[in-house]
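From a predicted model like this one, the values you see are computed outputs, not experimental measurements. Start at 1 and go down the list; that is how both ligands and their atoms are numbered. Residues: numbered from 1 along the sequence shown.
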Amino acid sequence: MKEVTVTAPVNIAVIKYWGKRNVKLNLPTNSSLSVTLSQDHMCSKTTVSVDDSYDTDSLFLNDEQNEIGGRLSNVLAAFRSLTEDASLKDAKVKITSTNNFPTAAGLASSASGFAALVFALGKVFVPTYNNSQLSTIARQGSGSACRSLFGGFVAWEKGESEDGTDSSAVEVAPKSHWDDLDALICVVSANKKAVASTAGMQRTVETSPYLMHRAEQVVPQRMADITDAIKNKDFDKFADITMRDSNSFHATCLDTHPPIFYLTDVSRLIIGVVHALNEAAGRAVAAYTFDAGPNAVLYVQRKDKDLVLSIVNDLFGPCEGAQGASHSTLLHEAKIDVDLTNFKHANGLSRIIQTTIGDGPRVV
Ligand code: DP6
């Protein structure tokens, strides 16, 4: 019997992956870059065991038995063909996985879930593999999962080769490099996505003329610029690129035919608040980014966290765990002169999760 238990983090892209150039191998049209979030607040925990007594592969997600199909079968097949341990080629596995955050919170769990699974299977089947090598397998489970193999700031380089061997994740900077960056996850809706990302991006590839412009003319420069911003801990530049790329991604969704709408009125009000605040402050106080849904992730420097939290809570709350001084007092103290009352939308948010940058997967 072999058994290993691991945890893996969630990541939120600041340069978005959207579009596949090869659906089967899950190869992206453009490179992407993300920030890994702390596992204290959100992570997937997975146990993989291999035992002679198992006569079939089995999967338990949050205590419920699930079918093993599609992408998971591909991931298992990849490990069986890669292992040098002959006894493992035909061995059956039992996989048990849980999330420490409610799937109903409307936050992606496929990235941390596949990263934890691949990290655990890697320890059993190919113990000599490094995390970049494992990321090429995680990518085949879910593209964004490959970036959860590292902590801190992570690039997924799209790669050039047909077989996908160079389409892997690499660390841009560890968490310790920029440790006072925080994230506020503003949960606008916990409902399931209107259009799942895999299907949505395929529709975009088939119908959006803007997508290739974005992939070829926009993203490469942004990847280089945001890497510089991270290396120099330049929050103004980091925020500017992050917000522009979120908007560019949602523009490709609108350019898709029929269009895909992920943002809601509340999402758009959050965008308005952040720009009004940053403009009044004369610097970036917060940066927003939105994935395939209406929930905002706000990146802030720790010195501004309480201010941004109170603004969001006062305007869109009340949210659990976000009470504190009123935002007008904090704005006054910060000497930022801005009236945000026009952006108010009571009960616009169901929840705010406060978190920090985190480390990569670990054996527990
Ligand atoms: C908008 O990784 O969920 O979150 O590879 O089909 O599983 P598949 O897609 P997925 O897409 C994530 C899209 C995104 C942007 C990002 O995380 O880069």
Looking only at protein heavy atoms, which one is nearest to atom 1 (C) of ligand 1, and how far off is it?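 Among all protein heavy atoms, the one nearest atom 1 (C) of ligand 1 is Phe249 CZ, 3.7 Å.
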
Which residue owns the protein heavy atom closest to atom 3 (O) of ligand 1, what's the atom, and how far is it?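 For this ligand atom, the closest protein heavy atom is Ser197 OG, 3.0 Å.
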
Is Asp236 reaching over with its side chain to a backbone N or O of Ala284, donor-acceptor style, under 3.5 angstrom?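 Present.
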
Got a donor-acceptor contact below 3.5 angstrom from the Arg283 side chain to the Asn278 backbone?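 No; judged by distance alone, with no hydrogens or angles, the pair does not exist.
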
Suppose I only count heavy atoms of [X] and a 4.0 Å limit; which atoms of ligand 1 are within that range?
X	answer
Tyr17	2 (O), 5 (O), 6 (O), 8 (P), 9 (O), 10 (P), 11 (O), 12 (C), 13 (C), 14 (C), 15 (C), 16 (C), 18 (O)
Ala13	16 (C), 17 (O), 18 (O)
Lys20	5 (O), 6 (O), 8 (P)
Gly143	2 (O), 5 (O), 7 (O), 8 (P)

With respect to [X], determine whether any N or O atom, backbone or side chain, lies less than 3.5 Å from an N or O atom of ligand 1.
X	result
Met201	no
Asn26	yes
Ser142	yes
Arg147	yes

Ring-ring centroid check Phe238 Tyr299, cutoff 6.0 Å: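 Phe238 vs Tyr299: aromatic centres under 6.0 Å.
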
Ring centroids only, cut at 6.0 angstrom: are His275 and Tyr288 within range, meaning strictly under it?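 Between His275 and Tyr288, the centre distance is under 6.0 Å.
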
Could you pull out the closest heavy-atom pair between Cys43 and Asn100, with the gap in Å?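 Of all heavy-atom pairs spanning Cys43 and Asn100, the closest is N-OD1, 2.6 Å.
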
In a check of side-chain hydrogen bond (donor to acceptor under 3.5 Å, both in side chains) between Arg147 and each of Ser32, Ser168, Ser135, which one passes?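 Of all the options given, the one that passes is Ser32.
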
For ligand 1, note which part of Ser144 has a heavy atom under 4.0 Å away: side chain, backbone, both or neither.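 Both of them.
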
Proximity to ligand 1 by part of Gln202, non-hydrogen separation under 4.0 Å: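 Within the 4.0 Å criterion, Gln202 makes no contact with ligand 1.
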
Quick one: list whatever passes side-chain contact (heavy atoms from CB on, under 4.5 Å) with Phe261, sequence neighbours left out.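 side-chain contact (heavy atoms from CB on, under 4.5 Å) list for Phe261, sorted by chain: Leu254, Pro259.
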
Of Ile137, Asn131, Asn130, which is the lone residue that meets side chain to side chain contact (heavy atoms under 4.5 Å, CB included) with Gln133?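 That would be Asn130.
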
